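Here the structure is laid out as structure tokens; the discussion comes afterwards.
Each chain gets a letter, A, B and so on, in the order its sequence line appears, and its residues count up from 1. Owing to the predicted nature of the structure, the values given are computational and were not obtained by experimental measurement.
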There are 2 protein chains.
Amino acid sequence: MPERNRISKPAARRLSQYLRTLQARLDGDASTNRVSSRELGEQAGVADAQVRKDLASFGAGGQPGVGYQVRALHDGLRRALGLDKPWRAVLVGAGNIGRALLAYPRFGEEGFDLVAVFDRASAVVGRRVAGHAVQPMSNLQEAVRRSGAQLGIVAVPPDEAQDVADALVRAGIQGVLNFAPRALRLPAHVAVVAVDFTEALERLAFEASLKPTPSGRSKGHG
Amino acid sequence: MPERNRISKPAARRLSQYLRTLQARLDGDASTNRVSSRELGEQAGVADAQVRKDLASFGAGGQPGVGYQVRALHDGLRRALGLDKPWRAVLVGAGNIGRALLAYPRFGEEGFDLVAVFDRASAVVGRRVAGHAVQPMSNLQEAVRRSGAQLGIVAVPPDEAQDVADALVRAGIQGVLNFAPRALRLPAHVAVVAVDFTEALERLAFEASLKPTPSGRSKGHG
DNA sequence: GATTGTGAAGAGCTTCACAGCT
DNA sequence: AGCTGTGAAGCTCTTCACAATC
């Protein structure tokens, strides 16, 4: 089993995209059980050579003249991304963002199990979110340890985010998904991924403002 | 006013971060009206030389031995990011994600105005979201044209995302913020920024699975 | 002394192009 | 003929290092 493991960060991002295409193939039409690098690339907006490099980076192999086996590639990809084992996660902050994340059907399906929800506001504690009674922050340490949760989701206001993240790290968490518009400073042994709406909006404004002047458009009633 | 405009994509991302630090400075303590590249870099998790390169990329200048003027840098940054003029946006999809985005206090503050909300489900049409009555999709074209909205927010299920994005482009939109876990294929004159929870979770699983075995930890406090 | 601005070196990522396999 | 695998080239981004400036 080749496991050459040198997957760069940009590559990991693209592997997620390929995985989606493969899942659609497995779920929906099983017209063929082969897929080419060109096809995967088209779905993800990436060149075919890039796809082949990415797949080779974790030891996936195709057949020249034929392509890759959908099922085998799917399974290999999940393994490479660390999705072959289930992950247990706790959510801190029972507001809109946390609920929106949990509402994604993929959350459970992909092997992410929510094991507890916490919030600082006593008015929210006790309410149910995604089937879990919201607990006070004072329970966090013990709940994380007891459940063996490896991931923490930070969905609190920006000025609380660092403290919450620190608490999660102290509780022994391995990775943090940060929804607060603030850079977290955490020890190197903890993985951090940020989902930042504010930054996304600003990036959009920036890129839209670079586009050719929208003078002669919205013309034809297309 | 120098405007050397060659801001790379990674640079734009970091500029957003610097902007946040500057805003915090302006809002909160005005202990000093200068800031150094090292200080900005610490907040954003970036080297000081990188900060200086980034700031130089849009013509901002500092004083050797002193630093940058907070107010001037803030204003210059906003201009560089296209945030000096207000943006009008429409939201398609009145579910959790859309509401979570609008709940961000920054949304309105930063100069993004929501002008209309649409949804395909007739059960939702007519309800109020963020102060706007949800409209049926059939109103989209006209509403976008009438309001002059430049941005569209796609917060619908993945299998509807491409159609919705196409409709937005036909209506004359300049940029799309895509929350659906699917790559959109749009003409080059339209900016696209994706916020993808699924990909973020998978990236987190990947990075967390690479971290050193969590054997002997939960020791000294940081 | 502190800090900027920047050329040059370094690192990393993407694209090209084509040999080789089916 | 179709497609993979990959060395090499090309490109972009980051870090280094230091002269110039305040």
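- In this structure, B:E42 atom CD and C:dT3 atom P are separated by 11 Å, rounded to whole Å.
- Backbone-only engagement by A:R14 is indicated by non-hydrogen atom pairs under 4.0 Å involving sugar-phosphate atoms exclusively.
- As rounded to whole Å, 9 Å separates atom P of C:dA2 from atom CZ of B:R38.
- Summarising the geometry, the separation between CD on B:Q69 and P on D:dC22 is reported as 14 Å, rounded to the nearest angstrom.
- Atom pair B:F58:CZ and C:dT4:P shows a separation of 13 Å (rounding to whole Å applied).
- Checking C:dT3, C:dT22, D:dT6 against the side-chain heavy atoms of A:A49 singles out D:dT6 as nearest.
- Distance from the side chain of B:A56 is smallest for C:dT6 among the nucleotides D:dC3, C:dT6, C:dT3.
- Spacing between atom CG of B:L40 and atom C1' of C:dT3 amounts to 13 Å, rounded to whole angstrom units.
- Distance, A:K9 NZ to C:dT14 C1': 19 Å, rounded to whole Å.
- Residue B:P64 has its side chain nearest to D:dA20 when only D:dG2, C:dC13, D:dA20 are considered.
- Between B:D166 and B:R185, no side-chain nitrogen of the basic residue sits less than 4.0 Å from a carboxylate oxygen of the acidic one, so the salt-bridge criterion is not met.
- Of the possible polar contacts, none joining the B:Q174 side chain to the A:A205 backbone as a donor-acceptor pair under 3.5 Å is found.
- A:Q63 and A:R34 form a side-chain donor-acceptor contact under 3.5 Å, judged by distance and modelled atom types alone.
- A salt bridge between A:R52 and A:D48 is present, with a side-chain N of the basic residue lying under 4.0 Å from a carboxylate O of the acidic one.
- When the P atom of D:dG5 is taken as reference, atom CD of A:Q63 falls 10 Å away, rounded to whole Å.
- With respect to the salt-bridge test (charged N to carboxylate O, under 4.0 angstrom), the residues A:E202 and B:R20 do not qualify.
- A:Q50 places its CD atom 15 Å from the C1' atom of D:dT4, with the value rounded to the nearest Å.
- Relative to the side chain of B:S36, the nucleotides C:dG5, C:dT3, D:dC3 differ in distance, and C:dT3 lies closest.
- Of the side-chain N and O atoms in B:Y68, one or more sit less than 4.0 angstrom from OP1 or OP2 of C:dG5.
- Between D:dA17, D:dT14, C:dG7, one nucleotide has an atom nearer to the side chain of B:K53 than all others, and that is C:dG7.
- Comparing A:R52 and A:S8 along DNA chain C, the residue whose closest nucleotide (by nearest heavy atom) sits nearer the 5' end is A:S8.
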